[in-house]
K.L.:
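Sending over a structure as structure tokens; questions will come in a sec.
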Number of protein chains: 2
Amino acid sequence: MTKRAFKDKVYGELSKITKAMGNPHRLEIIDLLGQGPFSVEQIANHTGMPVANASQHLQVLKSAKLVSIARDGNFILYSLAGENVFNAWAALRALGMVYNAEVEKVVSDFRKGYGPIESIDAETLIDLLEKNKIILLDVRPAEEYNRGHIHRALCAPIAELSSILQTLPKSKTVIAYCRGPFCVFADEAVSLLKKKGYKAQRLSEGFPDWAAKGYPIATK
Amino acid sequence: MTKRAFKDKVYGELSKITKAMGNPHRLEIIDLLGQGPFSVEQIANHTGMPVANASQHLQVLKSAKLVSIARDGNFILYSLAGENVFNAWAALRALGMVYNAEVEKVVSDFRKGYGPIESIDAETLIDLLEKNKIILLDVRPAEEYNRGHIHRALCAPIAELSSILQTLPKSKTVIAYCRGPFCVFADEAVSLLKKKGYKAQRLSEGFPDWAAKGYPIATK
DNA sequence: CATCTATTCAATAATTTTGTTGAATAGTTA
DNA sequence: TAACTATTCAACAAAATTATTGAATAGATG
């Protein structure tokens, strides 16, 4: 085998993975599966695709070995094949945020619809947690909270925040976080909290990013 | 703008980057540019493409803002836009090596053509350097060596290794490194060194990977 | 400023990818 | 074991991507 044939083969194999990631729907699927296992129907619902199309994209990801499956009754649960898949996606997302100004612009413009939302980064959150100056809310669905959440976060799914927030003292700032930088659960939460007179901000990243950094987490 | 429209837009923008990386030729170009700036003609030569096709692929990478250009007389020199582009590529390459067994197999089979080549990883090299037990050879072209090399490596371009190796003492093991895991300069070097009676191994990774880890480097 | 070199562009054909639709299938359920 | 649910498959059309070829262009050169 010539050197040229060897390189063509190697880069050809690797492009199977990058091609699999080269579609917006599949990127959204990877981002979603970063939160845990989901069925085809759930994935279709979250991503706004017909089930057949969602399944087609999942077959592409499966063929590239980026996802794995498990059975749960009639449901097939799809998961990322490993944390390294999420980490690679996070690296690509960060790349996109640096080099594609349109990404930041789209996110920023959309967030303006929730009023002025301030973000803090993970390191700032660590500091605030140490100083015991804040209340930390995980506004993802309870199922995702139970699977894993930031240490000392309270479970406050966005759908239930209206009734939960009465129990929160106003003397502390509230920090909300959700699935990631493109998830707006935390924006909605901050908007609502501010409307009710709380000082509130969101964490810029999501739980999987925090966990990937090895920062303190808990389950259940 | 609805949440759905927002997500479609954001993932659509990000897929511009992943699409750009979704082609084997462009992956090879990114890998090559990890070694420093190259002209279109050089890139075409290294990757076995006609100049027009290489240029077409470079326009795709440029449009995704993954590469930048600089003029040098009549030549246009292409470079990666930043180290984070190489790091994202390295994460994807690592992903490919974990999930696509064919990649390892192709590399391993091809290397067998150079005889039994042993590899060591970066951490082992650090240890051996500290113990002063080895001679470290950078077998990339001198131009790349001058731009940056592993601290204490000698410049021994593969094309000149035949004449350089006479000056090497046989009492020490020789470690050769080159551009990366898919570059075979180091394999060729180890093969030749062994033929001439030296104990020799290659570093599994390349200079850009070593540098990305923050390990000691030098220039000139 | 004419000439040259390296590079890019435009047009075209072939290939690949994507979404849709309806049918088929793989397991589960009772 | 029949019926059901979730999922996948196959076929098709449309869109996107890629390689090739020859022409055009952007700067550099002397």
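Here is how names work: the chains are called A, B, and so on, in the same order as the sequence lines, proteins then strands, and each is numbered from 1. Only a predicted model underlies this, so the values are computations on that prediction, with no experimental measurement involved.
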K.L.:
Rounded to whole angstrom units, what separation is found between the CG atom of Asn53(A) and the P atom of dT8(D)?
P.N.:
13 Å
K.L.:
Please tell me whether Tyr11(B) and Asn23(A) have a donor and an acceptor in their side chains that are separated by less than 3.5 angstrom.
P.N.:
no
K.L.:
Specify the residue among Asp72(B) and Ser39(A) whose closest nucleotide of DNA chain D lies further upstream toward the 5′ end.
P.N.:
Ser39(A)
K.L.:
Given dT18(D), is OP1 or OP2 found less than 4.0 Å from the side-chain N or O atoms of Arg26(B)?
P.N.:
yes
K.L.:
How many whole angstroms separate atom CD of Gln56(A) from atom P of dT16(C)?
P.N.:
16 Å
K.L.:
Assess the residue pair Leu92(A) and Met21(A) against the criterion (side chain to side chain contact (heavy atoms under 4.5 Å, CB included)); give the C-alpha distance rounded to whole Å, side-chain angles, the decisive distance to 0.1 Å, and a yes or no.
P.N.:
CA-CA 10 Å; Leu92(A) 289 167; Met21(A) 289 176 138; 3.9 Å; yes
K.L.:
For the residue pair Phe6(A) and Phe110(B), does the interplanar ring angle fall in the parallel (under 30°), tilted (30 to 60°) or perpendicular (over 60°) class?
P.N.:
parallel
K.L.:
Between Phe75(A) and Lys19(A), which residue's closest nucleotide on DNA chain C lies nearer the 5′ terminus?
P.N.:
Lys19(A)
K.L.:
Over how many whole Å does the gap from Ile43(B) atom CD1 to dT8(C) atom P extend?
P.N.:
9 Å
K.L.:
Base, sugar-phosphate or nothing for Val51(B)? Non-hydrogen atoms, less than 4.0 Å.
P.N.:
base
K.L.:
So, is Tyr78(A) near the phosphate of dT8(D), with a side-chain N or O under 4.0 Å from OP1 or OP2?
P.N.:
yes
K.L.:
More 5' along DNA chain C: Gly22(A) or Val40(B), using each one's nearest nucleotide?
P.N.:
Val40(B)
K.L.:
Taking for each residue the nucleotide of DNA chain D bearing the nearest heavy atom, is the 5' side occupied by Asn74(A) or by Asn23(B)?
P.N.:
Asn74(A)
K.L.:
Would you indicate, yes or no, if dT17(C) has its OP1 or OP2 atom less than 4.0 angstrom from a side-chain nitrogen or oxygen of His57(A)?
P.N.:
no
K.L.:
Once you round it to whole Å, what is the distance between P of dT7(C) and CD of Gln42(B)?
P.N.:
9 Å
K.L.:
For Lys62(A) and dT7(D), what is the distance between atoms NZ and P respectively, to the nearest whole Å?
P.N.:
12 Å
K.L.:
Rounded off to whole Å, could you give me the CD1-to-C1' distance for the Ile69(A) and dT8(D) pair?
P.N.:
11 Å
K.L.:
Are Phe38(B) and His46(B) close enough that their ring centres sit under 6.0 Å apart?
P.N.:
yes
K.L.:
Report for the helix from dC1(C)-dG30(D) to dA30(C)-dT1(D): angle between first-end and last-end helix axes, five pairs each, rounded to 10 degrees.
P.N.:
40°
K.L.:
Can you tell me how far C1' of dA6(D) sits from CD1 of Ile76(A), to the nearest Å?
P.N.:
8 Å
K.L.:
What nucleotide among dT7(C), dT21(C), dG27(C) has an atom nearest to a side-chain atom of Arg71(A)?
P.N.:
dG27(C)
K.L.:
Take the protein atom NE2 of His25(A) and the nucleotide atom P of dA16(D), then report the distance between them rounded to whole Å.
P.N.:
12 Å
K.L.:
Run through Lys62(A), Met49(A), Glu28(A) and flag the one making a side-chain contact (heavy atoms from CB on, under 4.5 Å) with His57(A).
P.N.:
Met49(A)
K.L.:
Please report the closest heavy-atom contact between Val67(B) and Leu58(B), naming both atoms and the distance.
P.N.:
CG2-O, 4.2 Å
K.L.:
Of all the heavy-atom pairs spanning Glu205(A) and Ala122(A), show the shortest one and how long it is.
P.N.:
OE2-CB, 3.4 Å
